Amino acid sequence: MQYWLIKSEPFKYSWDQFLSDKSTFWDGVRNYQARNNLKEMKVGDHCLYYHSNEGKEIVGIAEVIKEHYPDPTIDDERWVAVDVKPIRTLKNTVTLAQVKSDARLDQMALVRNSRLSVGPVKEDEFNIIMELSENG
DNA sequence: GCCAACGTTGGC
DNA sequence: GCCAACGTTGGC
């Protein structure tokens with residue numbers, strides 16, 4: 001299984017909204033790198049859900065439930081969407097500051113390329129995030 | 001609200 | 001195909 005990190009601005013689509021919707025389609029990606037990552041996603045892959053701008057923290061875990069298909073919100077076949085559903089909310093959110101201050105996480109796309117809205121996460125990194133969220 | 005970083009566009 | 005200009009994102 002592969003791990004990912006997906007970003008959303010809470011005022012656009014927050015984790016709470018996601019929880020009450022039960023699932024959502026992840027659209028609106030207009031960046032080739034992020035798009036390529038979306039295309040790599042497989043059903044069952046886990047995603048860290050990150051709030052950008054407001055909060056700047058990882059708030060929960062989501063699971064891919066449908067692989068990429070053309071983005072329904074735009075008439076342009078270049079862009080794709082995937083479907084995801086929430087798995088669980090983190091016990092404690094993991095902030096960007098925490099991620100940055102942990103030397104084991106300094107290779108994360110989140111740190112190295114803060115503008116990338118969909119990035120891969122290594123299993124080790126995922127586990128470290130889990131650990132941080134437990135120890136809060 | 002500012003600015004740095006980065007991706008994209010378009011002129012040559 | 002290069003590179004400057006421009007737009008967007010996101011941290012601060």
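Values below: all heavy atoms of this structure, side chains included; hydrogens, waters and symmetry mates excluded. Chain identifiers are assigned alphabetically (A, B, ...) following the order of the sequence lines, protein sequences preceding nucleic acid strands; residue numbering begins at 1 within each chain. The shown structure was predicted, so the numbers you read here are calculated from the model rather than taken from an experiment.
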Ionic contact status for Asp102(A) with Arg104(A), cut-off 4.0 Å: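 Yes, Arg104(A) and Asp102(A) are salt-bridged.
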Angle class for the Tyr49(A)/Phe18(A) ring planes (parallel below 30°, perpendicular above 60°, tilted otherwise)?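 Ring orientation, 0 to 90° scale: parallel.
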Measure the acute angle between the ring planes of Trp26(A) and Tyr13(A), then classify it against the limits of 30° and 60° as parallel, tilted or perpendicular.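 Correct class here is perpendicular.
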Gap between atoms [atom1] and [atom2], on [X] and [N] respectively (whole Å):
| X | N | atom1 | atom2 | answer |
| --- | --- | --- | --- | --- |
| Arg115(A) | dT8(C) | CZ | P | 10 Å |
| Phe11(A) | dT9(C) | CZ | P | 10 Å |
| Leu116(A) | dG11(C) | CG | P | 12 Å |
| Asn113(A) | dG11(C) | CG | P | 11 Å |
| His51(A) | dT9(C) | NE2 | C1' | 17 Å |
| Trp79(A) | dG7(B) | CH2 | P | 12 Å |
| Arg112(A) | dG7(B) | CZ | P | 13 Å |
| Lys56(A) | dT9(C) | NZ | P | 17 Å |

Base, sugar-phosphate, or nothing for Leu96(A), non-hydrogen atoms under 4.0 angstrom?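 Result for Leu96(A) = sugar-phosphate.
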If you count the non-hydrogen atoms of other residues, nucleotides and ligands that lie under 6.0 Å from CG in Asp76(A), is the total more than 12?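 For Asp76(A), atom CG is crowded (more than 12 foreign heavy atoms under 6.0 Å).
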Check whether any side-chain N or O of Tyr50(A) sits under 4.0 Å from OP1 or OP2 of dG11(C), and answer yes or no.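 Looking at the OP1 and OP2 atoms of dG11(C), one of them is under 4.0 Å from a side-chain N or O of Tyr50(A).
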OP1, OP2 of dT9(C) versus side-chain N and O of Lys12(A): anything below 4.0 Å?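 The answer is no; no side-chain N or O of Lys12(A) sits under 4.0 Å from OP1 or OP2.
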